[in-house]
2 protein chains.
Amino acid sequence: MSEPISRMTMHNVGGADGGRLDIFLRKLLGQCRLSTIDQQHLLALPFQLRDLPAQASILHEGDSARVCPILLSGFAYRYKIAADGGRQIVSLRIPGDPLDFQSLYLQTIDHHMQALTPVSLALVPLPALEQLAEARPSIARAILVDILIEASIGREWQLNIGRRHALPRLAHFLCEFVYRMQLIFAHSSDEIEVPITQEQLADILGLTPVHVNRTLKTIEQAGAVVRKGRRLYTRDVAALAQLADFTPLYLHRDNAN
Amino acid sequence: MSEPISRMTMHNVGGADGGRLDIFLRKLLGQCRLSTIDQQHLLALPFQLRDLPAQASILHEGDSARVCPILLSGFAYRYKIAADGGRQIVSLRIPGDPLDFQSLYLQTIDHHMQALTPVSLALVPLPALEQLAEARPSIARAILVDILIEASIGREWQLNIGRRHALPRLAHFLCEFVYRMQLIFAHSSDEIEVPITQEQLADILGLTPVHVNRTLKTIEQAGAVVRKGRRLYTRDVAALAQLADFTPLYLHRDNAN
DNA sequence: CGGCTATTTGAGGTACCTCAACGCCCGTGG
DNA sequence: CCACGGGCGTTGAGGTACCTCAAATAGCCG
């Protein structure tokens, strides 16, 4: 486990390498319109680059944040822990996603966040982001839209966990994963690697690893998914969608238009 | 079922009776600071008063909103429906709560909303709210904070549904209900009526009504809750909290300071 | 090759579900 | 005021989806 982000010293801050934020900008543009000037401002944000290994802690419940991490590459997840030690992953973040807009407006972090894979983060100082949001209402709006879409996904997960059986539940998650990946990487292939262990899938879905394993086998037999060695790949998104009762309305992709 | 809100004609708009919005202001003040001027602006918002019976539809998935309903009295809930007809309630709103800030920023509503009890709503035209949020950043901030806290509650519900057994799950929800009610009504009694049927509780918790019934009996035997006739009352919040593994951090009550 | 971790499989258990019947509360109308 | 009806709550019995525990296998990294 590496040094907590909140205790890192900021240095080398500066927007000289704004090209790295490109994926972040693309992500926002997939959710709302931004003028050319807004885009330039976003790319000019100061940040410090930070690489972390898989499993590294990114946010800790109870802390106060000083920077807003943006996920340039790799995957991360929010999670909460119950008294009996049970873990629930409440949100999965993929490349381009901002990881903690919430701390712009709330004092205390109410959940944990961890790197799922090795990640690189752009750490944007909160004051810089605050000033930009205040100066440019359309950027404040873009922040809000991202917050709202993540919340909408959270509601769909509530439905998924509360009211779908293991098979459609797993298929629904995989389907959402493919949709979101296709949106940010702008490719249309059905075959995407899902870099998530079965234990982590279990914590996303409110199941046990053992049951995820058995359910995965069923989905593979249906041809919707393939496993090679330890790796999981989606294969047939239409089949997944049908198993899953999947409707992408809640991803709000229409909002970009 | 009454006429959908989206087709209602607006008339009698005007802030002459801003005192009705008092509870809404109190709600916001419990979540963030607002200057006297901000408060005056909020109370001066134009709105149309609208009373609806229990079960009335307030928001419909797929629609676009023209007004932002604010809950002056009564209770309402957001819900989603799975393909097999299963219903999951994803959010409970209590007096003072705004019901659809999301539509200020997203075009399409991704869930349904219904009155749990008879409700009275203040229907604020979206343009009025938009202008106010643009003119006064601190009010935009108050809106954001409310959105974020509801999202935080949603994450706690994910943990609740995914990783807690029926008894702590039910106790946790009841505990949260009492806390939130005490906050808006500023009373400290443990005894609060919970105006929610067992079927609705089941849809909040991802259980069946039958199992809610049996679990409720257990919680009553533990003395944490009382039932009189068809009505459910909380009795001992400390006992509930202990059954539930309840920590109120996620309600972000510290944010008002 | 050795050792760690993730996956896989089996067997048995249980928390919760399903179906069905019954009873009680409460609003309604006679 | 009582009779009626409908909805909600209650209880029982049986079923099942998922869990727990445990051990074996397989992939992966040094």
Side-chain angles (χ1 to χ4, degrees), chain A residues 1 53-55 75 82 84-89 114-118 160-173 193-221 225-233 243, chain B residues 1 53-55 82 84-89 114-118 160-174 193-221 225-233 243:
Chain A
M1 204 67 53
Q55 323 300 335
F75 297 83
D84 66 353
R87 180 174 80 157
Q88 181 68 40
I89 293 178
Q114 221 175 30
L116 173 64
T117 62
N160 208 29
I161 299 167
R163 286 296 182 221
R164 280 196 269 256
H165 287 184
L167 192 140
R169 198 186 299 182
L170 176 52
H172 190 283
F173 168 74
E193 182 181 351
V194 182
I196 309 178
T197 67
Q198 294 180 12
E199 189 176 358
Q200 290 158 345
L201 278 173
D203 287 341
I204 287 171
L205 300 170
L207 297 169
T208 54
V210 172
H211 201 64
V212 167
N213 182 277
R214 298 193 224 264
T215 310
L216 222 34
K217 188 159 68 165
T218 308
I219 293 186
E220 183 173 33
Q221 282 161 4
V225 128
V226 196
R227 285 174 300 165
K228 296 172 189 165
R230 252 170 215 181
R231 303 197 167 172
L232 171 64
Y233 301 85
L243 290 173
Chain B
M1 204 66 56
Q55 322 301 334
D84 67 353
R87 180 174 81 155
Q88 180 67 41
I89 293 177
Q114 221 176 30
L116 173 63
T117 61
N160 208 29
I161 299 167
R163 287 294 182 225
R164 279 197 270 256
H165 288 184
L167 192 141
R169 197 186 301 181
L170 176 52
H172 191 283
F173 168 73
L174 294 172
E193 182 182 351
V194 182
I196 308 179
T197 67
Q198 294 180 10
E199 188 176 0
Q200 289 157 346
L201 278 174
D203 287 340
I204 288 171
L205 300 170
L207 297 169
T208 54
V210 172
H211 201 64
V212 167
N213 181 279
R214 298 194 225 263
T215 309
L216 223 34
K217 188 159 65 166
T218 308
I219 293 186
E220 184 173 32
Q221 282 160 3
V225 129
V226 197
R227 284 173 301 165
K228 296 173 190 164
R230 254 170 213 182
R231 301 195 170 176
L232 172 63
Y233 302 86
L243 290 173

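Quick note on labels: first sequence line is chain A, next is B, and so on, each numbered from 1. Only heavy atoms go into these numbers, but all of them, side chains included; no hydrogens, no water, no symmetry mates.
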**Report entry** Over 12 non-hydrogen atoms of neighbours within 6.0 angstrom of CD in Glu199(A)
**Finding:** no
Pairs under 3.5 Å (N/O, protein and nucleotides 1-5 of chain C):
unit_1, atom_1, unit_2, atom_2, d
dT5(C), O2, Arg230(A), NH2, 2.7

**Report entry** Leu167(A) CG to His211(A) NE2 distance, which is reported to the nearest 0.5 Å
**Finding:** 8.5 Å
Report task. Classify the side-chain pair Thr218(B)/Gln221(B) by whether it contains a donor and acceptor separated by less than 3.5 Å. Result -> no
Query raised in the report: Think Asn213(B) has a side-chain N or O under 4.0 angstrom from the OP1 or OP2 of dG9(D)?
Result: no
Report task. Take the protein atom CG of Leu232(B) and the nucleotide atom P of dC8(D), then report the distance between them rounded to whole Å. Result -> 15 Å
Query raised in the report: Tell me: CG of Asp84(B) to P of dT18(C), nearest whole Å?
Result: 9 Å
**Report entry** Distance test, side-chain N/O of Gln200(A) to OP1/OP2 of dA6(C), below 4.0 Å
**Finding:** no
Query - Length of the line joining Ile161(A):CD1 and dC18(D):C1', which is rounded to integer Å - result: 15 Å
Using a cutoff of under 3.5 Å, can you pull out all pairs of nitrogen or oxygen atoms linking the protein to nucleotides 12-15 of chain C, with atom names and distances?
none

Report summary line: Comparing nearest nucleotides in DNA chain D, the 5'-proximal residue of the pair Leu167(A), Leu216(B) is Leu216(B)
Report summary line: Rounding to the nearest 10°, end axes of the helix from dC1(C)-dG30(D) to dG30(C)-dC1(D) built from five pairs each make an angle of 50°
**Report entry** Between dT10(D) (C1') and Glu220(B) (CD): distance, integer Å
**Finding:** 12 Å
Query - Heavy-atom closest pair, residues Leu232(B) and Arg227(B) - result: CD1-CG, 3.7 Å
Query raised in the report: Between dT7(C) and Lys217(A), is there an OP1 or OP2 to side-chain N/O distance shorter than 4.0 Å?
Result: no
Report summary line: Residues Phe75(A) and Thr117(A): closest non-hydrogen pair is N-OG1, 2.9 Å
Query - Separation between CG of Asn213(A) and OG1 of Thr208(A), rounded to the nearest 0.5 Å - result: 9.5 Å
Query raised in the report: Can you check whether Leu205(B)'s main-chain N or O pairs, donor with acceptor, with Arg169(B)'s side chain at less than 3.5 Å?
Result: yes
Report summary line: Whole-Å distance, Glu199(A) CD to dT20(D) P, equals 13 Å
Query - Step-by-step salt bridge (Lys or Arg N to Asp or Glu O under 4.0 Å) determination, Arg163(B) to Asp203(A) - result: CA-CA 9 Å; Arg163(B) 287 294 182 225; Asp203(A) 287 341; 2.8 Å; yes
Requested in this report: Identify the heavy atoms of Ile196(B) and Leu116(B) that sit nearest to each other, and give their distance.
Outcome: CG1-CD2, 3.8 Å
Query raised in the report: Which whole-number value in Å describes the distance from Asp203(A) CG to dC19(D) P?
Result: 11 Å
Query raised in the report: Reckon Thr197(A) has a side-chain N or O less than 4.0 Å from the OP1 or OP2 of dA6(C)?
Result: no
Report task. Measure from CD on Gln198(A) to P on dA26(D) and round the result to the nearest Å. Result -> 15 Å
Report task. Ignoring hydrogens and angles, tell me if any N or O in the side chain of Glu193(A) forms a donor-acceptor pair with the backbone of Arg231(A) under 3.5 Å. Result -> no
Report summary line: Note: for Arg163(A) and Lys228(B) on DNA chain C, the residue whose nearest nucleotide lies more 5' is Arg163(A)
Query raised in the report: What distance separates Leu201(A) CG from Leu170(A) CG, expressed to the nearest 0.5 Å?
Result: 6.0 Å
Requested in this report: Would you mind reading off the distance between Arg231(A) atom CZ and dC28(D) atom C1', rounded to a whole angstrom?
Outcome: 10 Å
Query raised in the report: What nucleic acid atoms does Gly206(B) come within less than 4.0 Å of, heavy atoms only: base, sugar-phosphate, or nothing?
Result: sugar-phosphate
Report task. Kindly indicate, with the supporting measurements, whether the criterion side chain to side chain contact (heavy atoms under 4.5 Å, CB included) is fulfilled by Asp84(B) and Arg164(A). Result -> CA-CA 9 Å; Asp84(B) 67 353; Arg164(A) 280 196 269 256; over 6 Å; no
Requested in this report: Report yes if a side-chain nitrogen or oxygen of Arg227(B) is closer than 4.0 Å to either non-bridging phosphate oxygen (OP1 or OP2) of dT10(D); otherwise report no.
Outcome: yes
